[in-house]
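Notes for the one structure printed next.
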Amino acid sequence: MAKKVLVSGGAGYIGSHVTVELIAAGYDVVVADNMSNCDISGFEGVKKITGREDIPFYEIDCCDFASVDKLFTEHKIDAVIHFAAFKAVGESVSEPIKYYYNNLVSFLNILEVAKKHGGCNVLFSSSATVYGESKVLPVTEQTPRMPAMSPYGNTKTMCEDILRDVVYATSTQDAVIKGIALRYFNPIGAHPSALIGELPRGVPNNLVPYITQTAIGKRECLSIFGNDYPTEDGTCLRDFIDVTDLAKAHVAAVARMFGGKMKKGYEIFNVGTGRPVSVYELVTKFEKVSGVKLNYKFVPRREGDVMALWADPTFANEELGWKAERTVEETLASAWAWEKYLAEKNK
Ligand code: UDP
């Protein structure tokens with residue numbers, strides 16, 4: 001029988017892409033989402049891409065213990081991939097209680113319920129934000145974490161530690177929890193079908209949705225935050241990873257858990273390309289790929305931004321047998337196709 005994977009936050013940007021790849025790999029998937037930061041179109045897109053109308057969907061808030069408990073009673077869950085979290089860095093600074101409450105309580109509930117139902121594998125969606133402004137680049141999983149720049153970042157660090165401690169404690173108990181944290185770099189792009197992609201509410205905080213919305217005419221002008229960094233072109237350097245490549249890393253991590261291949265009860269993997277690209281470079285690549293001349297201007301640095309961050313993905317490449325495959329150009333083309341699809345849909 002196929003293993004069953006719960007994807008919490010499965011209707012969101014990354015969760016929807018992961019759901020598609022899990023189904024393609026033959027897993028049974030249950031999706032839970034409280035729809036606080038997405039609409040049902042993401043899940044509808046997943047159903048269209050996979051041709052599966054029967055994916056169980058729970059509109060629940062993981063902060064509600066009873067709802068999570070009911071889901072685990074109705075399904076024998078073999079692994080959880082936990083995405084359900086707030087993710088707006090700026091908002092987390094002004095609303096820290098909301099962020100700490102939501103991101104910690106939802107994860108604690110997942111862990112407690114998993115334990116109550118006999119234990120399972122837990123994959124936590126972490127972030128390269130835990131590295132802060134690293135002195136050493138590229139960063140490996142051994143690179144020390146730095147104090148987070150925001151409550152959002154803090155919740156990622158804290159949830160990693162919670163998972164590590166729960167794995168340690170349960171290793172000698174009846175209900176064992178094994179854990180993997182995947183540290184994402186900068187996920188961008190959309191599914192090649194253009195049926196699912198990033199759907200930011202209001203003004204986008206992230207670079208690529210801002211670029212595509214400017215190109216389509218939804219935004220007047222892209223602000224490039226800082227061109228006076230000590231980098232080649234003065235703009236920040238990031239490791240932009242295609243969302244489908246990222247999704248496939250989850251499938252590889254789940255397979256590692258189910259295959260008994262983990263070397264420790266709790267493991268961490270960087271999920272990046274290993275290739276630094278500057279913000280300005282990304283803008284020019286987008287112009288080339290789309291054929292659109294982008295309206296942009298340089299403005300002062302954004303508070304809280306690190307100058308440069310990219311991954312050493314060797315550990316994931318070797319241990320997960322996974323590697324980012326798409327070029328930045330292919331990924332930008334997918335983001336542009338998605339923006340055009342949205343414009344057509346909303347006509
Ligand atoms: N950025 C920018 N203009 C924008 C949004 C982002 O210049 O409208 C820059 C930002 O300063 C950073 C990079 O793009 O250097 C990536 O930012 P994003 O918010 O997408 O991800 P982060 O790396 O902050 O997680």
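Ligands are counted one by one from 1 in listed order, and the atoms in each one are counted from 1 as well. Count residues from 1 along the sequence.
When hydrogens are left out, the protein atom nearest atom 4 (C) of ligand 1 is Phe225 CE1, 3.3 Å; that is the closest non-hydrogen contact. Annotation: atom 3 (N) of ligand 1 to nearest protein heavy atom, Ser223 O, 2.7 Å. The protein heavy-atom contact nearest to atom 12 (C) of ligand 1 is Arg238 NH2, 3.7 Å. When hydrogens are left out, the protein atom nearest atom 25 (O) of ligand 1 is Asn186 ND2, 3.9 Å; that is the closest non-hydrogen contact. Nearest protein neighbour of atom 10 (C) of ligand 1, counting heavy atoms only, is Asp305 OD2, 3.4 Å. Closest protein heavy atom to atom 17 (O) of ligand 1: Arg302 NH2, 3.4 Å. Ranking the protein heavy atoms by distance from atom 20 (O) of ligand 1 puts Leu207 N, 2.9 Å first.
Residue Ile224 has at least one heavy-atom neighbour below 4.0 Å for each of these atoms of ligand 1: 7 (O). Close contacts between ligand 1 and Cys236 involve ligand atoms 15 (O) [criterion: under 4.0 Å to a heavy atom].
With a heavy-atom cut-off of 4.0 Å, Pro204 does not touch ligand 1 at all. No part of Arg301 comes within 4.0 Å of ligand 1, judged by heavy-atom distances. Contacts between Asn206 and ligand 1, counted as non-hydrogen atom pairs separated by less than 4.0 Å, involve both the backbone and the side chain. In Leu222, the part holding a heavy atom less than 4.0 Å from any atom of ligand 1 is the side chain. Only side-chain heavy atoms of Val279 come within less than 4.0 Å of ligand 1; its backbone N, CA, C and O stay farther off. When non-hydrogen atoms are compared, ligand 1 lies under 4.0 Å from the backbone of Asn205 (N, CA, C, O) but not from its side chain.
Under the 4.5 Å side-chain heavy-atom criterion for ILVMFWY residues, a single connected hydrophobic cluster contains both Trp322 and Phe258.
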* To do: Just do the salt bridge (charged side-chain N to carboxylate O under 4.0 Å, His left out) check on Asp161 and Arg145 with the steps written out, would you?
  => CA-CA 12 Å; Asp161 291 347; Arg145 294 180 311 184; 2.9 Å; yes

* Going through the distances and angles, do Asp69 and Lys116 end up as a salt bridge (charged side-chain N to carboxylate O under 4.0 Å, His left out)? -> CA-CA 9 Å; Asp69 192 35; Lys116 184 179 160 195; 2.7 Å; yes

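Judged by the 6.0 Å and 45° rule, Lys98 forms a cation-pi pair with Phe86.
The closest side-chain heavy-atom distance from Tyr210 to Arg219 is below 4.5 Å. Between Val30 and Val5, every side-chain heavy-atom pair lies at or beyond the 4.5 Å cut-off. Side-chain contact between Ile23 and Arg52 is present, with heavy atoms from C-beta onward closer than 4.5 Å.
Taking the centre of each ring, His250 and Phe269 stay at or above the 6.0 Å mark. You'll find the ring centres of Phe286 and Trp336 inside the 6.0 Å limit.
The aromatic rings of Trp338 and Tyr341 sit parallel to each other, their planes meeting at less than 30°, with 60° as the upper class boundary.
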